[in-house]
Amino acid sequence: MTAAEAVGVLRFDRVTKEYPRSGLALHEVSFRVAKGEFVFLTGPSGAGKSTILRLAYFAERPTSGLVRVSGVNSEHASRREISKLRRRLGIVFQDFRLLEDRTAEENVGFALEVTGVPRAQIGPKVSRVLTQVGLAAKATAFPRELSGGEQQRVAIARALVNDPFVLIADEPTGNLDERATRGVFQLLREINAAGTAIIMATHDLDLVRHADYRTLELNRGQIVFDSAESPEPAA
Amino acid sequence: MTAAEAVGVLRFDRVTKEYPRSGLALHEVSFRVAKGEFVFLTGPSGAGKSTILRLAYFAERPTSGLVRVSGVNSEHASRREISKLRRRLGIVFQDFRLLEDRTAEENVGFALEVTGVPRAQIGPKVSRVLTQVGLAAKATAFPRELSGGEQQRVAIARALVNDPFVLIADEPTGNLDERATRGVFQLLREINAAGTAIIMATHDLDLVRHADYRTLELNRGQIVFDSAESPEPAA
Amino acid sequence: MRRTVRDASAAFTRAPLLTALSITTIAFSLFAFGLFGLVALNIRAALQGVEERVEIRAFVADGTDAQSLAAAAGDIDAFPEVQSVNIVTQDQALARARTELTEFSDVFQSGVLPASIDVKLKPGYRDPATVARVSARLKSYPFVDDVRYGEDWLVQLYRLRNIAGVAGLALGLAFAAVAVIIIGATIRMAVLSRADEISIMRLVGATDGFIRRPFLLEGFAKGILGGLLALGLTWLGMHLIDRYMHFHTVFFSPAMAAAGVVAGALIGVLGSSVAVGRHLRAL
Amino acid sequence: MRRTVRDASAAFTRAPLLTALSITTIAFSLFAFGLFGLVALNIRAALQGVEERVEIRAFVADGTDAQSLAAAAGDIDAFPEVQSVNIVTQDQALARARTELTEFSDVFQSGVLPASIDVKLKPGYRDPATVARVSARLKSYPFVDDVRYGEDWLVQLYRLRNIAGVAGLALGLAFAAVAVIIIGATIRMAVLSRADEISIMRLVGATDGFIRRPFLLEGFAKGILGGLLALGLTWLGMHLIDRYMHFHTVFFSPAMAAAGVVAGALIGVLGSSVAVGRHLRAL
Ligand SMILES: Nc1ncnc2c1ncn2[C@@H]1O[C@H](COP(=O)(O)OP(=O)(O)OP(=O)(O)O)[C@@H](O)[C@H]1O
Ligand SMILES: Nc1ncnc2c1ncn2[C@@H]1O[C@H](COP(=O)(O)OP(=O)(O)OP(=O)(O)O)[C@@H](O)[C@H]1O
Ligand SMILES: [Mg+2]
Ligand SMILES: [Mg+2]
C-alpha cells in the first residue's frame with residue numbers, strides 16, 4: 001500500500017469497460033495520477049471520460065484490468081472499503097446528483113454527516129464552502145429553486161467540503177458562465193496547491209489551454225494523447 | 001393576432017417574475033423576437049436566462065407584465081391553447097428532461113406522437129433528426145446508457161423533430177465538446193435559415209462572438225445589453 | 001388508441017411492483033367485502049330456512065269433533081296470510097313428540113298429547129306482528145284451548161336477522177372505506193411515480209386528454225383484474241368451507257359476481273381519473 | 001442516532017402519502033386478522049359454554065333404593081374423569097322436564113319420568129370417546145336402565161369446533177399472505193421512491209448500516225402505528241357489535257393485544273430490512 005502510494009494515488013492498468021448493449025466504452029486504458037497532481041481529461045462526447053471517473057470512484061467495476069485508488073483495488077474492494085474511500089474523495093457528478101428534498105446547505109452538510117463529523121462543526125464548514133463557490137445567499141434554497149449553474153456550484157461545494165485527498169470532477173463548469181468558471185477554477189487551483197490531486201473531465205478547451213496542466217485526451221475509449229508523455233501542449 | 005405576428009413571434013412586455021423565497025428573478029423585462037430571428041441570451045449564472053425561456057413556453061406565468069408567443073397571451077391562455085402552442089415550439093431543456101424508460105428514438109418520436117403524426121411518418125423523421133445530431137448509432141439506447149453529451153443531443157433532436165416555428169434552447173451545448181458544439185450550431189443555423197426563429201441561452205461566449213447574431217445580455221433579472229439597439233458587438 | 005393501449009400495457013411491465021400492488025389491493029378489498037357479503041347472504045339463506053318453520057299451533061280441546069276441525073281448517077286456509085293448514089290428531093301428536101324428543105321417548109308411553117291445527121304462514125307474513133294477529137284469530141275459535149308459536153324464539157330470530165344485517169353493513173362499510181383509502185393512495189402513487197413523465201408530456205404539447213387516457217385504461221384493466229382475482233379468491237374460500245365444513249353454502253349469482261367485477265373496474269377508472277385530474281390541475 | 005430519528009421522521013412528512021399507505025395497510029391487515037382472531041376466540045368461548053353442559057344421564061330402574069344410588073354416586077365421583085355427580089329423583093325429573101320443555105308442560109301432568117344419576121365430566125374429558133367410555137361403565141350398574149348423553153349432538157359439537165378452528169386458520173393465513181404481499185410491496189416502493197437518495201448516499205461514502213438505520217426505524221414506527229390503529233379498529237368493531245347486538249363478546253387479553261402491536265412492529269422492521277437489504281445488494 002505504501003508502495004502503491006509512492007507510484008500514484010490513482011492508477012489504471014489496462015482497464016477495459018464493456019457495456020452489454022453498446023460495446024466497448026474503454027479499451028485497455030492505462031495511466032496514473034501522482035499525489036497532488038492536476039489532470040484534465042478531454043475528448044469528444046461519448047469518448048469515455050465519465051466512464052473513467054465512474055471507475056475511479058468504484059461506481060462501476062472494470063470488465064478487465066485493474067483500478068487502484070489509494071490502495072483500494074477494484075478486484076478485491078469490499079463495500080465497506082469503498083464507502084470509506086469515497087469519504088476521502090470529493091466527487092462532482094456531471095448531472096449534479098443533489099438530494100431534491102434537502103436545501104443547498106443540507107446537501108453539502110450531508111457529505112459530512114456521512115463521515116460522522118460532529119454536528120457543531122458541520123455548520124461553519126458548510127457556510128465557508130458555500131461562500132467559496134459564491135452561493136452563500138442561496139444556502140436555504142432547494143435544488144428546484146436554483147438555476148442550472150447554481151446547482152452545479154452546490155455539487156462542487158459538496159465535493160470540497162470534506163477536504164478530499166483526490167477531487168474527481170465531471171465537467172464541473174458545464175453550466176457556468178466564463179466568470180463563474182474562472183472563479184471555480186481558481187478555487188480548484190488553490191485546493192490543488194494545498195496538496196489535493198484533481199482529475200477533471202472537461203470540454204472547455206480554453207480552460208485547458210490556458211491552465212497548462214497535464215492533459216489526457218480520450219477518443220473512442222482510448223487515450224490518444226497524454227501531455228505528460230509528449231511535452232508540446234495541445235493547442 | 002395577425003398584427004401581433006407582424007411585430008414578432010415572441011414578445012415580452014415589462015415582464016416581472018418573483019419567486020416566493022428568492023425574490024425577483026426578472027424585473028420589467030421587455031423585448032421582442034421577430035419571425036425567423038436568431039437571438040442569443042447571455043449572462044451570468046442565476047441572471048434569469050432559464051426563467052425567460054420558461055416564461056416563453058408558459059411553464060410559468062409572469063408575476064406582472066405580458067408574454068405573448070404567436071398570439072398566445074400569458075394573461076388569457078387556456079391549458080389547451082398552451083398545449084397547442086407547445087406542439088409548434090421546439091424546446092431544449094437545460095436538464096434535458098428525457099423519459100428514462102424510453103429509448104433515444106422513442107423519446108424523440110414521442111414529441112411527434114403527441115401532435116398526432118401518423119405512425120408511419122414518425123420512424124423516418126426520427127431517424128433523420130438523430131442522424132443530424134450524430135446519434136444514429138445510439139437510437140435504441142436508454143438515457144442512462146448515454147453520456148452527458150449524447151443525452152443533450154437527444155434533447156436537441158426531440159426539439160427539432162416537429163419542425164418548430166420557434167426553437168427555444170437552454171444551453172444546448174453545455175455538455176458538448178467543441179466539435180459537437182460546432183456541429184449542433186451549424187444545424188441550428190440551417191434551421192434558422194429555413195425560417196425558424198431561435199432563442200438560445202448560452203454561456204459559450206466564443207460561440208456568441210463568432211456568430212454575430214443578436215445578443216441579449218441579462219444581469220440580475222434585467223436586460224443590460226441588446227446588440228440590436230447598440231450596433232457594436234459584445235467582444 | 002393504439003398508443004393508449006401500448007402505454008397502458010407498458011405501465012404493467014415498467015412498474016410491475018406498483019401494478020401488482022394496485023391489483024392486489026383492489027382484489028383484497030373486494031375479497032374482504034365479498035366474504036362479508038357471502039356471510040350475510042348465507043345468514044339470510046339460513047334464516048330463511050328457519051323462518052320456513054315458523055308455525056302456529058292451536059291446541060284443540062279434547063273431544064272436538066273432526067268435522068268442525070275440518071271446517072275451521074278450511075276457514076283458516078282462506079286467511080290471506082296463511083300458506084297451509086294441517087290437522088294433527090292426538091295419535092299423530094304423540095308420534096311426532098316421540099321422534100322429536102327422543103331423549104324423553106319413554107315418557108310419552110303414558111302421556112296423552114292434545115290434537116292441534118298447525119298453520120304455516122306465507123313468506124312475508126312471518127314477522128312477529130302478523131303471527132300474533134293470526135294467533136289471536138285462531139284463539140277466537142271456541143274449541144281452541146291454547147295457541148303456541150314460540151313468541152320469544154320468533155322475536156329473537158327477527159332481532160338476529162336485523163342485527164346481522166346492520167353489523168354486516170357497518171363492517172362492510174368500514175372495510176370499504178379503508179379499501180378506498182388504500183386504493184386511492186395506490187393510484188395517486190402510480191401517478192406521482194410518473195409525475196416526471198407527465199410534466200415532460202405536457203411540455204412537449206400533450207393535451208390533458210392525451211395524458212389521461214392511458215391512465216384510465218390502466219386503472220380499468222387493474223380494476224377488472226382485481227375484481228376477477230377477488231371473485232376467484234372468494235369462490236375458493238367458499239369452496240374450501242363447503243368442502244371441509246360439509247356445510248352447504250350459497251354463492252353469488254352470476255349477476256352479483258359480474259357486479260363485483262364491474263365495481264372493481266369502476267374503482268380503478270374513478271380512482272385513476274381523480275388522481276390524474278388532481279395532478280394535472282396542480283401543474 | 002439523532003440523525004436516524006430526524007431522517008426517519010422526515011420520511012413521514014416528506015412522503016405523507018406513502019407513509020399513510022404503509023400504516024393503513026399494516027393496520028388493515030392486522031385488523032382483518034384481528035377480526036378473524038376475535039371470531040375464533042368467541043366461537044371457542046361459546047363452545048366452552050356449551051361443552052360445560054356435556055352431561056351423562058344414567059336412567060335408573062323404578063324402585064331402586066336411595067342407599068344403593070348414593071353408594072353408586074360415591075363410586076362414580078371417584079372416577080378420574082368425573083367432575084360432579086348428581087342424583088335426580090322422579091319428582092325432580094318431572095319438575096325439570098316441565099321447566100325445560102314448556103311447550104309440552106301440559107303433557108307431563110299424567111306422565112312419570114324415571115330417576116337418574118347425572119354425571120358431569122371434568123374439562124378435557126368432554127370428548128366423545130371419553131364420554132362413551134364413562135357411559136359404558138355407568139351402564140354396568142345393574143339398576144341402570146339406560147344411559148343417555150346425546151351422542152349425535154356431542155359429535156356435532158366437536159366437529160363444529162374442529163371445523164371452526166381449521167376454517168379460521170385457513171382464512172386467517174390467506175389474509176395474512178395477502179397482507180404480507182401488500183406490506184412488502186409498500187415498503188419496497190418506499191425504498192424505490194428513495195432509490196436516488198440511497199444511491200447518492202452511497203456515492204458520498206455512507207455505509208450500508210448508515211443508510212439502513214433510518215429505514216428500519218421508519219419501518220418500526222410505521223409498524224407500531226399500524227398495530228395500534230388495528231387494535232383500535234378491532235376494539236371499536238367489537239364494541240359496536242357488543243352494543244348493537246347485545247351479545248357479550250370476549251376481547252383480546254392485554255398480552256394478546258400487545259403481541260398484535262409487536263407483530264406490527266416486526267412486520268415493519270423486517271419488511272424494511274428485507275427491502276433495503278435487497279436494494280443495497282443490487283447497487
Ligand atoms: N450504463 C451504460 N450502458 C451502456 N452504455 C453506456 C453506459 N454508460 C455509458 N455508455 C456508453 O459509453 C460511452 C462513453 O460514455 P461516457 O459517459 O464515458 O462519455 P463521456 O466521455 O463522458 O461523454 P460526454 O462528454 O458526452 O459526457 C458512450 O458511448 C455511452 O453511450
Ligand atoms: N422555482 C424557483 N423558485 C425560486 N427561485 C428560483 C426558481 N427558479 C429560479 N429561481 C431563481 O431565479 C434566479 C434566476 O434563475 P435562472 O434559472 O433563470 O438562471 P439562469 O440565468 O438560467 O442561470 P444558469 O446559467 O445558472 O442556468 C436564480 O437566482 C434562481 O435561484
Ligand atoms: Mg460524461
Ligand atoms: Mg439556466
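Fair warning: this is a prediction, and the values are worked out from it, not measured in the lab. Chain identifiers are assigned alphabetically (A, B, ...) following the order of the sequence lines, protein sequences preceding nucleic acid strands; residue numbering begins at 1 within each chain.
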**Asked** What option among A:Glu150, A:Arg179, A:Glu145 has the most heavy-atom pairs under 4.5 Å with chain B?
**Response** A:Glu145

**Prompt:** Heavy-atom count around B:Arg14 CZ within 6.0 Å, excluding the residue itself: above 12?
**Reply:** no

**Request:** Might you confirm whether atom CZ of B:Arg189 has over 12 heavy atoms from other residues, nucleotides or ligands at distances under 6.0 Å?
**Result:** yes

**Prompt:** In Å, rounded to the nearest 0.5 Å, how long is the span from CG of B:Asn219 to CG of A:Asp177?
**Reply:** 9.5 Å

**Message:** Show the nearest heavy-atom pair for residues B:Ser45 and A:Gly149, with the distance to one decimal.
**Reply:** OG-CA, 3.3 Å

**Prompt:** So which part of A:Phe93 gets closer than 4.5 Å to some heavy atom of chain B, the side chain, the backbone, both or neither?
**Reply:** neither

**Item:** Selection from B:Pro44, B:Ser50, B:Ala180 maximising heavy-atom pairs under 4.5 Å formed with chain A
**Value:** B:Pro44

**Message:** Can you tell me how far apart CG (A:Leu176) and NE2 (B:His203) are? Round to the nearest 0.5 Å.
**Reply:** 6.5 Å

**Request:** For atom CZ of B:Arg220, decide whether the heavy atoms of other residues, nucleotides or ligands shown that lie under 6.0 angstrom number more than 12.
**Result:** no

**Heavy-atom pairs under 4.5 Å with chain B, option from A:Thr140, A:Leu146, A:Asp95 with the top count** = A:Thr140

**Item:** Contacting region of A:Lys49 [heavy-atom separation from chain B under 4.5 Å]
**Value:** neither

**Item:** Max heavy-atom pair count under 4.5 Å with chain A, selected residue of B:Gln151, B:Gln152, B:Arg153
**Value:** B:Arg153

**Prompt:** What pair of heavy atoms forms the shortest contact from A:Lys138 to B:Ser22, and how long is it?
**Reply:** NZ-CB, 3.6 Å

**Prompt:** CD/A:Glu171 to CG/B:Asn175 distance, rounded to the nearest 0.5 angstrom?
**Reply:** 5.0 Å

